[in-house]
Amino acid sequence: MKRFDLIIVGAGPSGLSAAIEAANRGMNVVVFDENEKPGGQLFKQIHKFFGSKEHKAKVRGFVIGEQLLKEASEAGVTVVLNATVIGLYQDKEVVVKIGDGVEHYKADSVLIATGASENMVTFEGWTLPGVIGAGAAQTMMNLHGIKPGQKVLMLGSGNVGLVVSFQLLQAGCEVVGLVDAAPRVGGYGVHAAKIARCGVPFYLSHTIVKAEGTDCVTGVTIAQVDKNFQFVEGSEKHFDVDTICLAVGLSPMSQLLKMAGCKMEDNPKRGGQVPICDEFGATSIPGIFVAGDVSGIEEASSAMIGGRIAGITAAQYLGFIDKEEQLTKCEENKKALDGLRQGMFAPKNRGKLVEKTEEGIPVSMNLLEKGFIANDEMERFPGVTHKAGVHPVMECTQNIPCNPCQDACPKHCIKIGEKITSLPAVDESVDCIGCGMCVASCSGQAIFLLDETYEEGFAAVTLPYEFLPLPKEGEKGYGLGRDGKVVCEAEVVQVKTAKAFDHTNLLTIKVPADMAMKARFYKKEA
Amino acid sequence: MGNTADVIIIGGGIIGCATAYYLAKKNVSVIVLEKDKSIGNGGSSRNGGGVRQSGRDPRELPLAMYAVEHMWPTLSEELGVDVEYHKEGNLRLGKTKKHLEILQGLTDKAQACGLKVNMIDANEVKRINPYLSDEVIGASWCPTDGHANPLTATLGFYKAARALGVRFYTGEDVIAIKKIKGIANTVVTKKNVYTGGKIILASGYASRKIAATVGIDVPMQNVLIEALVTEAEPKMFNQMLGTADADFYGHQTNHGSFVFGGASGYEEMNKDDGTQPTSSITAPCICRGIMKYIPKLADAKIVRTWAGYEDVSADGIPVISKIDEVPGLILACGFTGHGFGIAPVVGKLLSELGTDQQTTLDLKEFRYDRFKAVI
Amino acid sequence: MENIFDRSVDLGEFVPQPDDDMIVCRCEEVTKGQIRQAVHDGMFTITEIRRYLRTGMGLCQGQTCAKLVKRIVANELKVSMDVLEPASSRAPMRPIEMEVFARENN
Amino acid sequence: MADRIIEHPILGKTEKGKKVTFTFDGKEMEGYEGEPISVALKAAGVMKHRYTKKEHKPRGIFCAIGRCTDCVMVVDGKPNVRTCVTPLKEGMKVQTQYGVSAEPF
């Protein structure tokens, strides 16, 4: 029987992070993953991450995956792919399906980082081909280069639903609407705004009545729901779609831990059945650790830190480091984790309506109810200022843990401060040079450059653009408002692409002067 | 009223549930106390589903024959739950001469008791089940044997008993039976006390500890069994299969999946550290065993493995008996892994004991006090 | 969970619901109505429901429907979802061919 | 093949293995070696992978990562093959699954 100091199940963000920490402390570590490619969900996440530098902010998920893999290999971690762990037996024995047989492994410590599986909802016709999970859509588009469908309806306004809707648009699909039974958008407002300005309508307090079609989905009917989640008669709306995408939350994939005999609990705050564990990821069975979504649903950034903490703790458990080193290192990581767990979307605020920002500014209710900020709500936020010449406008209106824009500006005209959840503010004493680094660095694509005195009667709006085909300079089209509706004619006056922008192109459009604060997207055809 | 009934049954397995059902049919009030959170979570849900007569101890054979003749065929209808009973025979397979000798011995004994069972050659085996490998050189064949679904049969008795007004309490852990003025009529659990005219103790191996509280013991052992379940396959055969070597047993269910039990050989020494008892080496071993007999199943996917315990009595047959020294107590345990097939008739017999009626079948071989020293 | 469960508690009459024929367990094609009826038949635990109806016993082993089934059972019993223990987790975590399982390479 | 993403704004040109031929219910189709069978089928417009055993209802891709097993088909004679995680190979024989076999009801 092969034996390791540490066996890790799952080569996603938390598993790899744990492996790196443990191996760097001298442990003999193996990571098993059932997939053909490592990285877990990271390789499907093509958006730029939030957070700050220590959280790898503004780096795209799949790039973080590549970085982690490289680090793991440099640390001497063995990563075994296409290796399905089929059971965790007594005495920390792991049986793995590899190739044409099974192999038995034992380790002095085991770390389970199996992640999560998608929740589902039932409605008439939900078993029809064409009804898929949001994860399926991501897998098909971003791993296998295939569109899940041509016309898609998304159910779920959490970050997954919002991000995947944007990815669907990037892949060239049409998203006919985003539906959620909740009365408010669940995910980040900036993610919602990104798809709203592309013209995706939001239907909050709505849910799916039925998927239509006999052999596969040909349409969908949604309807409004009241406070008790009962359909409001007469509110039905029909859409012709070929795909219905479900993004209604995740559940920890904790079956291995249950099989191993770890004490479990049903914890709705953590997303379902989770092992009872301490702040270091130690379960009720000495030597069995957990990290990432399997111990409670969060997101990849916190999974990576959780993984680091558990990896360090496993090293201490087996005497590779002393208690003091463990506590010091874990403390650093916990600070980073605490940084991510702040703001309006902090775990403690889950499900609550936060009416004011930390700065005391009323939040945009339109953003919560329709996915975009209303014109008359915009001016109250500190990222919005006006002056002659080019200057940034930051439509970042919720306290989320993110600060790359602050570092991006070579002139330091964007201020967030120590607390990374603070809203970005413009330092009006500094002159913007119009480099666009802030626009490209904003993971929420919420920063625009405005030149309100571009030409007599015209303003220039520079916006982030991640679609193909890329418009050409001189091309004439239309400016779209934050709601995705045409507000004016527009001319593309500049298209900037740069390596430093990391595939976020900067599109500058010329619009009538009074549209400077209204036009936020460009489309060639009306 | 609340904690009182004519009969208190300790153990909500198939024996307890069947007994409760037959008692309730006699208008007897019954309370069933089950330690686990789920009904039938012991051996009742963890067995191969065999409804066999062949291969049984001659002392037990009359019970099995009675159940097959008079009870199993109508059970689904009676309970209103499909127990998936198939009476399409049992093949006990042999691959070596030695196997055939074992099978011949079993067959001779069963025939002597009047069971229709006979030895057949490889050709005949293939005719009955064309999927078996060429390694099989002979078998014993009992056409009236079969199999049923232990899960739905157990829950079927439960459902039917409950519908007749039997009160079931789950999570009720019995710690003692108490004699009051010489009569066993009180059952003490961790939180409650129940009283009844009769107490039927049918909780598998756990019966031993409970019986000890009134000074009674049955020599038995708690032995692990493991089994595996495949995905649904196209229908292949309906017989129950076993082997002379006892390396596996099982059948294909109505659902299409195969359920096969087997052993690694270390079951009696199994370590149970309180987490989960399946051993990492058993399922692969069962797979190898099956493939030798049914090569076509090599591609079938295993979706589940499970383990359970059986209460193996010292002489391989159960105790089904009133306890002379403890008036009021009736004991039913030590079913040794073949209690499922006879559960309906045992339930019926226990209901007769519980109402002081003449039993349909003679139970003298099943007395609790039959265990004597060897010399 | 309250340790002791009286299986005779009155759940009221079984009242059909318009979406009773909705498939909940996709693998075994078990409907919401069947699950609700099973609760009324006395199946109060996820384990019993599973054994009675085969929910979660199909190819995916309950990975898709576990939470959905739990919600229906909890509703029917008028208890909160965290009261209901999930069914046992059993190896193999993914379906595995007999031939592959049989071949122990170390 | 309108469903294939030729070039992606973030991921660039989609890289695939060599082109291979396979059959779906006897019809010859093309796909790329190593991609999941389900992806090649999707590119060819195939939505229905199987019909269920009890109700004979169509099913297709649902989770796309091998968990839900809704996309199973009969591949090279073997039923219940999860097409979303089984790599396509030259000459594969892929069949709609009816219940647990390739025999229509």
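Here the structure is a predicted model, which means the values were calculated and not measured. Proteins come first, then strands; the chains are lettered A, B, ... in the order of their sequence lines, and each starts at number 1.
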**Study point:** Toward chain A, the part of D:Arg67 with a non-hydrogen atom under 4.5 Å
**Key:** side chain
**Study point:** Test side-chain contact (heavy atoms from CB on, under 4.5 Å) applied to A:Tyr465 and A:Val495, A:Thr497, A:Leu506, A:Leu507, the passing residue
**Key:** A:Leu507
Check your understanding: Contact part of D:Ile65 toward chain A, heavy-atom cut-off under 4.5 Å: side chain, backbone, both or neither?
Key -> side chain
Review point. Which bit of D:Lys57 is near chain A, if near means a heavy-atom gap under 4.5 Å: side chain, backbone, both or neither?
Key: neither
Review point. Between A:Ser251 and A:Asn119, is any side-chain donor less than 3.5 angstrom from a side-chain acceptor?
Key: yes
**Study point:** Contact leader toward chain D among A:Val217, A:Asp215, A:Asn35, A:Val131, where contacts are heavy-atom pairs under 4.5 Å
**Key:** A:Asp215
Check your understanding: Checking A:Thr214 against chain D: side chain, backbone, both or neither under 4.5 Å from a heavy atom?
Key -> backbone
Review point. Non-hydrogen atoms of chain D under 4.5 Å away: do they reach the side chain of A:Lys44, the backbone, both or neither?
Key: side chain
Check your understanding: Can you find a side-chain donor-acceptor pair between D:Arg50 and D:Thr69 that sits under 3.5 Å?
Key -> no
Practice item. State, without any angle test, whether A:Gln138 and A:Gln45 hold a side-chain donor-acceptor pair at a distance under 3.5 Å. Key: no
Exercise for review: Measure distances from D:Leu11 to the heavy atoms of chain A and classify the residue's part below 4.5 Å as side chain, backbone, both or neither.
Suggested key: side chain
Exercise for review: Could you tell me which portion of A:Met141 (side chain, backbone, both or neither) has an atom closer than 4.5 angstrom to a non-hydrogen atom of chain D?
Suggested key: both
Check your understanding: Given the options A:Ile132, A:Ile146, A:Thr139, which has more heavy-atom pairs under 4.5 Å with chain D than any of the others?
Key -> A:Ile146
Exercise for review: Please state whether the side chain, the backbone, both or neither of A:Pro469 comes within less than 4.5 Å of a heavy atom of chain D.
Suggested key: neither
Point to revise | Donor on one side chain, acceptor on other, A:Asn505 and A:Glu466, under 3.5 Å | key: no
Check your understanding: Hey, is A:Lys151 close enough to A:Asp242 for a salt bridge, meaning N to O under 4.0 Å?
Key -> no
Check your understanding: Can you check whether A:Lys58 reaches A:Phe50 side chain to side chain, under 4.5 Å on heavy atoms?
Key -> no
Practice item. Heavy-atom distances under 4.5 Å only: say whether D:Glu7 touches chain A with side chain, backbone, both or neither. Key: both
Exercise for review: Ignoring hydrogens and angles, state whether a donor on the side chain of D:Thr83 or D:His49 is under 3.5 Å from an acceptor on the partner side chain.
Suggested key: yes
Point to revise | Portion of A:Thr127 that has a non-hydrogen atom of chain D nearer than 4.5 angstrom | key: both
Review point. Under 3.5 Å, is there a donor-acceptor pair between the A:Thr243 and A:Lys147 side chains?
Key: no
Practice item. Name the member of D:Lys42, D:Glu35, D:Glu15 that forms the most heavy-atom pairs with chain A at distances under 4.5 Å. Key: D:Lys42
